[in-house]
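Worksheet: one structure, shown below.
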Amino acid sequence: MQKDKKIVIIGGGLSALTTAYYLSKHNIDSVILEASPRLGGRIQTVKGGLGTPLELGATWFSGIHTHLFSLTEELGLKKYPQFSDGISLFQTKSFEPPQRFFVPESQTPSYRITGGTQKLIDTLEETLRREQIYLNCKVTDIEEAGDGLLVKTESGKRFTADHVVVCIPPHLAANKISFTPELPKELQSLLPTVQTWMSGAIKFTIEYSEPFWRQEGFSGMLYSHAGIVVEMYDHTNFEETKFGFTGFLNGGAAGYSQEVRKEYALKQLAELLGEKALEPVSYYDKVWTDEYISGGPQMISRPHQNNGHPLLQFGYLNDKLFFSNTETSAEFSGYMEGAVISAKNIVSTLKKLCL
């Protein structure tokens with residue numbers, strides 16, 4: 001196998017890092033160009049004031065996500081089931097008491113990664129060499145140059161490549177990267193319409209010094225049609241020594257300041273779970289609309305619109321350019337599993353091209 005093939009991977013999320021990891025196992029070198037100051041993409045774990053790992057991005061997976069399961073085991077990561085014991089709440093109207101229900105133990109529970117989902121990103125990063133990763137490196141142009149491709153960045157850096165794998169959301173690539181020669185018309189029309197999963201979502205997480213809800217017999221699980229918090233789950237760590245919640249806020253709250261969102265969220269939780277909810281150690285939220293995920297407003301007519309589309313499975317510019325991330329996967333698109341599947345598929349393709 002030739003070892004001098006140059007592979008440039010655009011993006012630094014799970015699909016990109018998994019691609020680089022599996023390429024390295026086949027002695028195929030690559031570099032990662034990430035526009036933001038950090039790796040992880042839509043995986044982002046922050047530490048609370050007491051050190052609790054708090055998820056602002058992707059969190060859960062299950063036994064049907066076999067490729068992700070295999071990857072975490074291969075990397076030596078541990079998992080544990082999402083806590084769901086106790087009384088769960090469903091709030092239909094703000095002026096009526098919430099409905100109470102119990103969630104039976106599932107045969108296929110949701111799992112979380114011990115230490116936070118960021119452990120998956122950090123462990124993948126540790127398998128790569130420092131010089132393979134470029135942060136704050138925003139790609140603006142990809143040009144065909146003889147038998148290869150020339151990748152230009154906003155800062156003026158240039159990279160030559162035999163193959164380029166675009167691992168950012170297709171909608172973002174269509175709006176932020178110029179391709180020369182132009183991509184086929186049907187692909188140009190498709191890319192802006194591929195829904196970016198989590199785009200526009202507001203993920204929140206709260207840290208507490210004690211699990212007061214568990215002490216009162218609540219699971220921490222909440223669904224609401226009436227408050228700013230529309231979905232919430234217990235976010236206690238594996239060791240059950242650090243405590244909190246994570247979930248989603250109503251998308252309309254994006255227009256509020258973070259302080260106002262926090263005020264409304266805590267007020268809602270206090271009404272449902274008691275006054276102790278007003279005493280968090282830490283509160284964080286993230287509106288997923290920044291320049292590293294969104295290429296601008298997008299009209300979505302149905303969930304996962306055009307995710308896994310057949311046109312996203314082909315190579316372009318004479319099999320030198322590929323699109324590969326969770327939205328391109330024909331299976332579990334939008335999930336971490338989809339990112340891993342897409343990485344495995346593109347590595348299989350690149351292995352054949354690099355022989």
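With Gln268 contributing its side chain and Val229 its backbone, the two residues share a donor-acceptor pair below 3.5 Å. A side-chain donor-acceptor contact under 3.5 Å links Ser224 to the backbone of Gly227. A donor-acceptor contact shorter than 3.5 Å links the side chain of Gln313 to the backbone of His309. A donor-acceptor pair under 3.5 Å is absent between the side-chain atoms of Ser30 and the main chain of Val8, judged by distance alone. Checking side-chain atoms of Thr123 against main-chain N and O of Leu120 turns up no donor-acceptor pair under 3.5 Å. Under the 3.5 Å distance criterion, the side-chain polar atoms of Thr117 are matched with a main-chain donor or acceptor of Ala58. Using a distance-only test at 3.5 Å, with no hydrogens or angles considered, no donor-acceptor pair links the side chain of Ser348 to the main chain of Lys344. Remark: side-chain polar atoms of Asp234 are paired, donor with acceptor, to backbone N or O of Thr236 under 3.5 angstrom. Remark: the backbone N or O of Glu291 is not paired with any side-chain donor or acceptor of Ser294 at under 3.5 angstrom. For the pair Lys6 (side chain) and His163 (backbone), a donor-acceptor distance under 3.5 Å is absent.
Evaluation of the side-chain hydrogen bond (donor to acceptor under 3.5 Å, both in side chains) rule for Ser282 yields Glu207 as partners, not counting sequence neighbours. Residues that satisfy the side-chain hydrogen bond (donor to acceptor under 3.5 Å, both in side chains) test with His235, not counting sequence neighbours, are Arg112.
Nearest heavy-atom pair, Lys276 versus Tyr208, reported as atom, atom and distance to 0.1 Å: O-CE2, 3.6 Å. Between Ile32 and Ala16 the shortest heavy-atom distance is CD1-O, 4.1 Å. Shown here for Ser333 and Ser329, the closest heavy-atom pair between the two residues is CB-O, 3.2 Å. Nearest approach of Ala254 to Val287, heavy atoms of both residues: CB-CG1, 4.0 Å. The nearest pair of heavy atoms linking Pro37 to Leu135 is O-CD1, 3.3 Å.
Separation of the Phe238 and Tyr80 ring centroids falls under the 6.0 Å cut-off. The aromatic ring centres of Tyr233 and Trp60 sit less than 6.0 Å apart. A ring-centre distance under 6.0 Å is found for Phe159 and Tyr134. For Phe69 and Tyr111, the distance between ring centers is under 6.0 angstrom. Centroid-to-centroid, the aromatic rings of Phe323 and Phe314 stay 6.0 Å apart or farther.
Around the NZ atom of Lys119, the shell of radius 6.0 Å holds no more than 12 heavy atoms that belong to other residues, nucleotides or ligands. Residue-environment remark: CG (Asp290) exceeds the threshold of 12 foreign heavy atoms within 6.0 Å. Environment of OH in Tyr21: crowded, with over 12 heavy atoms of neighbouring residues, nucleotides or ligands closer than 6.0 Å. Heavy-atom neighbours of Lys47 NZ from other residues, nucleotides or ligands within 6.0 Å: above the threshold of 12.
A salt bridge links Asp29 with Arg129: the distance from a Lys NZ or Arg NE/NH1/NH2 to an Asp or Glu carboxylate oxygen falls below 4.0 Å. In summary, Glu240 and Arg214 engage in a salt bridge, as defined by a charged side-chain N under 4.0 Å from a carboxylate O. Glu55 has no carboxylate O lying under 4.0 Å from a charged side-chain N of Arg42, or vice versa, which leaves the two without a salt bridge.
Rounded to the nearest 0.5 Å, atoms OG1 (Thr127) and CG (Leu75) are 7.0 Å apart. Here the straight-line distance linking atom CG of Leu321 with atom CG of Leu183 works out to 6.5 Å at 0.5 Å rounding. Distance OG/Ser342 to CG/Asn325: 6.0 Å, rounded to 0.5 Å. Within the model, atoms CG of Leu249 and NZ of Lys262 stand 13.0 Å from one another, a figure rounded to the nearest 0.5 Å. The CG atom of Leu124 lies 10.5 Å from the OG1 atom of Thr72; values are rounded to the nearest 0.5 Å. Put simply, CG on Leu273 and CG on Leu266 are 11.0 Å apart, with the number rounded to the nearest 0.5 Å.
At a threshold of 4.5 Å between side-chain heavy atoms, the hydrophobic network of Ile, Leu, Val, Met, Phe, Trp and Tyr places Leu89 and Met232 in one connected group. Cluster annotation: Leu71 and Ile43 are assigned to the same hydrophobic cluster (Ile/Leu/Val/Met/Phe/Trp/Tyr, side-chain heavy-atom contacts under 4.5 Å, transitive).
There is a side-chain donor-acceptor pair under 3.5 Å between Ser36 and Glu34. Side-chain polar atoms of Ser84 and Ser219 form no donor-acceptor pair below 3.5 angstrom. A donor atom on one side chain and an acceptor atom on the other are not found under 3.5 Å apart for Ser110 and Gln82.
At a threshold of 4.5 Å between non-hydrogen side-chain atoms, the residues Lys93 and His225 do not count as touching. Two residues are said to be in side-chain contact when any heavy atoms from C-beta on lie closer than 4.5 Å; Thr114 and Glu239 meet this criterion. When side chains are defined from C-beta on, Val164 counts as touching Val166, because their heavy atoms get closer than 4.5 Å.
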Can you give each donor-acceptor pair under 3.5 Å made by side-chain atoms of residues 148-155, sequence neighbours left out, with the distance rounded to 0.1 Å?
unit_1: Lys152; atom_1: NZ; unit_2: Glu143; atom_2: OE2; d: 2.9
unit_1: Thr153; atom_1: OG1; unit_2: Ser155; atom_2: OG; d: 3.2
unit_1: Thr153; atom_1: OG1; unit_2: Lys157; atom_2: N; d: 3.0
unit_1: Thr153; atom_1: OG1; unit_2: Lys157; atom_2: O; d: 3.0

List the atom pairs, with distances to 0.1 Å, where a side-chain N or O of residues 190-206 and a protein N or O form a donor-acceptor pair under 3.5 Å, not counting sequence neighbours.
unit_1: Thr193; atom_1: OG1; unit_2: Leu190; atom_2: O; d: 2.7
unit_1: Thr193; atom_1: OG1; unit_2: Asn306; atom_2: ND2; d: 2.7
unit_1: Gln195; atom_1: OE1; unit_2: His304; atom_2: N; d: 2.5
unit_1: Gln195; atom_1: OE1; unit_2: Gln305; atom_2: N; d: 3.3
unit_1: Trp197; atom_1: NE1; unit_2: Gly334; atom_2: O; d: 3.4
unit_1: Lys203; atom_1: NZ; unit_2: Gly57; atom_2: O; d: 2.7
unit_1: Lys203; atom_1: NZ; unit_2: Thr59; atom_2: OG1; d: 2.9
unit_1: Thr205; atom_1: OG1; unit_2: Phe245; atom_2: O; d: 3.0

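Using a 4.5 Å cut-off between side-chain heavy atoms of Ile, Leu, Val, Met, Phe, Trp and Tyr, Tyr284 falls into a hydrophobic cluster with Val46, Leu54, Leu56.
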Could you give me the CA-CA distance, side-chain angles and deciding distance for Asn237 and Thr241, then say whether side-chain hydrogen bond (donor to acceptor under 3.5 Å, both in side chains) is met? CA-CA 7 Å; Asn237 66 347; Thr241 58; 3.1 Å; yes
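Sorted by first and then second residue, the side chain to side chain donor-acceptor pair (under 3.5 Å) pairs with a member in residues 10-19 form an empty list; sequence neighbours excluded.
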